[in-house]
Engineer: 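The structure that follows is given in the form of structure tokens.
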Amino acid sequence: MVLCPLLKSQRFPPFKPSLPADASRHMPLDWRDAQVETITRQLEDAFVDLTRTINAHIAEISSFQVGKAQVNPRNLAATLITPWAEEQSQVAIRRAEASLSDLVVSLDLDSGTLGWPK
């Protein structure tokens with residue numbers, strides 16, 4: 001089954017990576033693993049502030065509101081957790097974009113050497 005008829009009619013030269021097979025596979029995987037580790041640390045560190053915020057919010061509301069939040073926690077999540085998650089996501093995205101830019105520069109895609117000595 002051909003997903004795109006245009007691609008079927010095109011002749012593309014075979015891809016020949018200039019890096020050794022292991023190195024070309026490991027660079028993106030290493031980058032990904034480093035990002036996951038960094039994001040995990042970021043969230044672990046930021047979670048302490050989130051729990052403090054939730055505890056302070058609960059201390060300020062009535063017992064009835066606490067019970068209501070236990071039955072339907074969506075409002076509490078929308079008020080406290082969603083903004084925290086969005087902020088943490090933006091921090092992770094900015095860091096990943098900067099790191100990815102560095103990775104792309106190190107690959108030197110225009111030269112075809114992918115950052116390795118010629």
Side-chain angles (χ1 to χ4, degrees):
M1 178 177 162
V2 176
L3 296 177
C4 180
L6 180 64
L7 290 179
K8 182 179 180 183
S9 66
Q10 298 292 322
R11 299 277 185 228
F12 296 102
F15 176 71
K16 296 179 184 177
S18 59
L19 278 177
D22 288 342
S24 64
R25 276 191 301 247
H26 289 289
M27 287 173 63
L29 294 176
D30 291 345
W31 177 85
R32 181 209 56 202
D33 292 347
Q35 290 302 306
V36 169
E37 183 178 327
T38 303
I39 290 168
T40 300
R41 273 188 267 116
Q42 169 196 331
L43 293 176
E44 287 173 347
D45 294 344
F47 189 74
V48 173
D49 290 334
L50 176 63
T51 56
R52 278 191 209 121
T53 301
I54 291 171
N55 288 334
H57 181 76
I58 290 171
E60 294 174 357
I61 61 177
S62 69
S63 298
F64 175 75
Q65 289 173 313
V66 170
K68 188 176 169 184
Q70 288 177 337
V71 173
N72 183 8
R74 289 183 186 196
N75 289 337
L76 181 63
T79 302
L80 300 174
I81 299 171
T82 300
W84 175 86
E86 289 172 355
E87 178 185 349
Q88 296 308 312
S89 297
Q90 290 303 314
V91 169
I93 288 168
R94 284 191 300 272
R95 186 179 45 248
E97 285 175 343
S99 178
L100 187 57
S101 294
D102 294 343
L103 177 65
V104 169
V105 167
S106 74
L107 292 176
D108 193 17
L109 298 174
D110 291 334
S111 73
T113 62
L114 297 176
W116 287 72
K118 296 179 185 180

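Values in this document were obtained by computation on a predicted structure and should not be read as measured data. Hydrogens, waters and symmetry mates are skipped; everything else that's a heavy atom, side chains included, is used.
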Engineer: Distance-only criterion, 3.5 Å: show the donor-acceptor pairs between side-chain atoms of residues 85-93 and protein atoms not counting sequence neighbours.
Structural biologist:
{"from": "Gln88", "atom 1": "OE1", "to": "Gln42", "atom 2": "NE2", "distance (Å)": "2.8"}
{"from": "Ser89", "atom 1": "OG", "to": "Ala85", "atom 2": "O", "distance (Å)": "2.8"}

Engineer: For Arg74, check salt bridge (charged side-chain N to carboxylate O under 4.0 Å, His left out) against everything at least two apart and list the hits.
Structural biologist: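 Counting only residues at least two positions away or on another chain, Arg74 forms no salt bridge (charged side-chain N to carboxylate O under 4.0 Å, His left out).
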
Engineer: Taking only distance into account, with no hydrogens and no angle test, what donor-acceptor pairs under 3.5 Å do side-chain atoms of residues 47-56 form with protein atoms, sequence neighbours excluded?
Structural biologist:
{"from": "Asp49", "atom 1": "OD1", "to": "Arg52", "atom 2": "NH1", "distance (Å)": "2.9"}
{"from": "Thr51", "atom 1": "OG1", "to": "Phe47", "atom 2": "O", "distance (Å)": "3.4"}
{"from": "Thr51", "atom 1": "OG1", "to": "Val48", "atom 2": "O", "distance (Å)": "2.8"}
{"from": "Thr53", "atom 1": "OG1", "to": "Asp49", "atom 2": "O", "distance (Å)": "2.9"}
{"from": "Asn55", "atom 1": "ND2", "to": "Thr51", "atom 2": "O", "distance (Å)": "3.2"}

Engineer: Quick one: list whatever passes side chain to side chain contact (heavy atoms under 4.5 Å, CB included) with Ser63, sequence neighbours left out.
Structural biologist: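 Ser63 satisfies side chain to side chain contact (heavy atoms under 4.5 Å, CB included) with no other residue.
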
Engineer: Please name all residues satisfying side chain to side chain donor-acceptor pair (under 3.5 Å) with Glu37, sequence neighbours left out, ordered by chain then number.
Structural biologist: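 Glu37 satisfies side chain to side chain donor-acceptor pair (under 3.5 Å) with Arg41 only.
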
Engineer: Going by side chain to side chain contact (heavy atoms under 4.5 Å, CB included), name the residues that satisfy it together with Ser101, two or more places apart in sequence or in a different chain.
Structural biologist: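 With sequence neighbours excluded, Ser101 shows a side chain to side chain contact (heavy atoms under 4.5 Å, CB included) to no residue whatsoever.
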
Engineer: Can Ile81 be reached from Ile58 by stepping across I, L, V, M, F, W or Y side chains whose heavy atoms are under 4.5 Å apart?
Structural biologist: yes

Engineer: Taking salt bridge (charged side-chain N to carboxylate O under 4.0 Å, His left out) as the test, write out the residues that go with Arg94, two or more places apart.
Structural biologist: none

Engineer: Checking Ser99 now: which residues fulfil side chain to side chain contact (heavy atoms under 4.5 Å, CB included) with it, not counting sequence neighbours?
Structural biologist: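 Per chain and number, Ser99 pairs via side chain to side chain contact (heavy atoms under 4.5 Å, CB included) with Trp31, Gln35.
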
Engineer: Minimum heavy-atom separation for Ala77 to Pro83, with atom names?
Structural biologist: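 Minimum heavy-atom contact is O-CD, 4.4 Å.
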
Engineer: Using salt bridge (charged side-chain N to carboxylate O under 4.0 Å, His left out) as the criterion, list what pairs up with Glu60, not counting sequence neighbours.
Structural biologist: none

